[in-house]
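Read the structure below first, then the notes.
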Amino acid sequence: MCGIVGYVGPKSTLEVLLGGLKRLEYRGYDSAGVSVISGTGLETRKKAGKLDNLVNEITNHPLSEAHIGIGHTRWATHGAPTDGNAHPHLGGPTAKLSLIHNGIIENFSELKAELLAAGTKFASETDSEVAAHLVAAEFEKTGDLPTAFVNVVKRLHGAFTILVIHEDQPDVVLAARRNAPLVIGVGDGENFLGSDVAAFVEHTKRAISVGQDEIVILRANEIEIRTFEGAPVAPVEFEVSWDASAASKGGWSSFMAKEIADQPQAVADTLMGRLESDGSVRLSEIDGLSTEDIKNIDRIVMVACGTAAYACDVAKYAIEKFARIPVQVELSHEFRYRDPIITKNTLIVAVSQSGETMDTLMATRYAKEQGAKVLAICNTQGATLARESDAVIYTHAGPEVAVASTKALVAQITAGYLLALFLASERLAAGCDATDEATLRKLGQELLKMPARVTNVLEGLNEVRALGKEMANAKSVLFLGRNVGFPVAMEGALKLKELAYIHAEGFAAGELKHGPIALIEEGQPVIVIVPSPRDHDSLHPKVISNIQEIRARGAKVIAIAEAGDKEVANFAEHVIYVPQCENIFSSILTVIPLQVFALELSGAKGLDVDQPRNLAKSVTVE
Ligand code: F6R
């Protein structure tokens, strides 16, 4: 889950590489490095720590003008984040080859032993350096860089995107891809490579996704793609819909703050073209699934990790309620390795912002092998998950740069609601049990109102901001919720853990008395997501009882409740109100104060909200 960028063309290579790395830094930020080939040969600079350290290094030791180069931002797997382990790695005794790698080379010990036996000297502890020496040695033997490159990548096991440049071939960047992302940016007299389109979107919106086990031979005026076996691959171009400004902070203090503010748009854009004003849902993306196929679905398994898995938990409530199809939510990594029961009537719904999360890719590949159909909910055009699924519902949240997911989550939840309404309507048409059409339309119309309500929530968060600041010294915060409030509670806890590094747990409020209530002591802050009191089957009274149970034991309660809920104020130290809506859709609103709370608390502790320690945006290793 490192970030990779490559360039060949007339522009200042260093500027292109550093600009690309800046946009990819969310993928990893333990160290960074670049190599360029100038008139005097291969030049490399690399440095542990954030990209700024590399920029300082280059200021102190400038690079020559160059028109070809590669750059890398690292999330350490093999070897600590040191200058020596930073990429690029140089290969061969004369160090004329430079290589960057994203992924893990699983058979690196065996390959390293072979190189050590041949007398190769290593400068790092990484698996990647092995590949650099192997390609350099193979080039010595064959005299042809693409042949040498492909001979080596075919020997590597695991996951990799690898980019290589060589001083003796100063007009070409080579790239290979297996189980890790790689996209080509197509320019005019220049071409780009990136882990995702963010790497080059400020220069070109024309892109080509590189397929599994393919290599790219990239020159300023030529793009050649071949399989590892040497067969030519016809490139399929697509247009990137993001623009560069979408991936810049635009005056906000952090990407996360900006992305929180982007949420009304993320919800509106995800609904756009899919939800008519009469409340009916059209999901042309899944036209491939006939009404008969939908009728035959006997179970949906939703696979995802982290925040995306909480979006699935919310979707489960909606799909089961409206479409009456049983839904199982599975963490991708647990699902894949426990011999799960999958039949041809199981629909797999894989949810991922990046579309590159290796755990989710492995789970969906496994499910496909068992004969299941896979529907992806994904935010990144041309991502591996999207390419490998039978159908894709793109969330239109735009690029999410902050490591902690915010707008991608609300867009995933929105897509989940759309899917629930769509499946219900289709099942009804096929004569199955589901919510009646008039109710579905009414719900669809309610969903159309959500972007405005999200704006409303964002306008009323002063109290949450103040609380976040005040609670900077909290040692632990608990979160409680029921129904769709339960995954929101889990998400609130995750945000606090990852951003503020404090202990936080989310619980189903009803579960409290079965054990976790023992955690409550005098002064323990507990944030409770309170359901609407307006539904006839509302869980409101039960949650109020849960609040009373914890308050009796000293908890300090912050309630997130619906506007007009007067009762809750009697039982909480603070109440943050969000607009009224159908309770099932409330997760889109109640999650926002929790995002802002974590953002403020993290800021008050002086932490980096966009790049929390030990994390990376895209987890492309298992
Ligand atoms: C938390 C967060 C992660 C991701 C998870 C899955 O804020 O962002 O938990 O949700 O790593 O990532 P994607 O959605 O890219 O598959």
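The first residue in the sequence is number 1, and the count goes up from there. Note that the structure is a prediction, hence the values are computed from the model and not measured.
- Between D30 and P81, the shortest heavy-atom contact is CB-CB, 3.4 Å.
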Check against side-chain hydrogen bond (donor to acceptor under 3.5 Å, both in side chains), E356 and T384:
CA-CA 6 Å; E356 302 295 349; T384 307; 2.6 Å; yes
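- We find that E369 and R365 are not joined by a salt bridge, their nearest charged nitrogen and carboxylate oxygen being 4.0 Å or further apart.
- Salt-bridge annotation for E190 and K11: present, with a side-chain N of the basic residue lying under 4.0 Å from a carboxylate O of the acidic one.
- Distance check, rounded to the nearest 0.5 Å: CD1 of I100 to OG of S35 gives 8.0 Å.
- In this structure, a donor-acceptor pair under 3.5 Å is absent between the side chains of N85 and T126.
- T414 and T270 are not linked by any side-chain donor-acceptor pair at a separation below 3.5 angstrom, with hydrogens and angles left out of the test.
- Ring geometry for F139 versus H166: interplanar angle over 60°, hence perpendicular rather than tilted (30 to 60°).
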Is there a side-chain hydrogen bond (donor to acceptor under 3.5 Å, both in side chains) between E129 and S124 once you walk through the steps?
CA-CA 7 Å; E129 192 186 351; S124 79; 2.7 Å; yes
Quick one: do E388 and T364 satisfy side-chain hydrogen bond (donor to acceptor under 3.5 Å, both in side chains)? Show the steps, please.
CA-CA 8 Å; E388 293 187 4; T364 52; 5.2 Å; no
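- Under a cut-off of 6.0 angstrom, the local environment of CD in E224 is crowded, with over 12 non-hydrogen atoms contributed by other residues, nucleotides or ligands.
- Between F335 and I342, the closest side-chain pair of non-hydrogen atoms falls below 4.5 Å.
- The one candidate from K154, R177, R178 that meets the salt bridge (Lys or Arg N to Asp or Glu O under 4.0 Å) condition with D213 is R178.
- Pairing each heavy atom of M256 with each of A404, the nearest pair is SD-CB, 4.4 Å.
- R155 has a carboxylate O that lies under 4.0 Å from a charged side-chain N of E114, or vice versa, which qualifies the two as a salt bridge.
- Classified by interplanar angle (parallel below 30°, tilted 30° to 60°, perpendicular above 60°), the ring pair H72/H87 is parallel.
- A side-chain donor-acceptor contact under 3.5 Å links E400 and S405.
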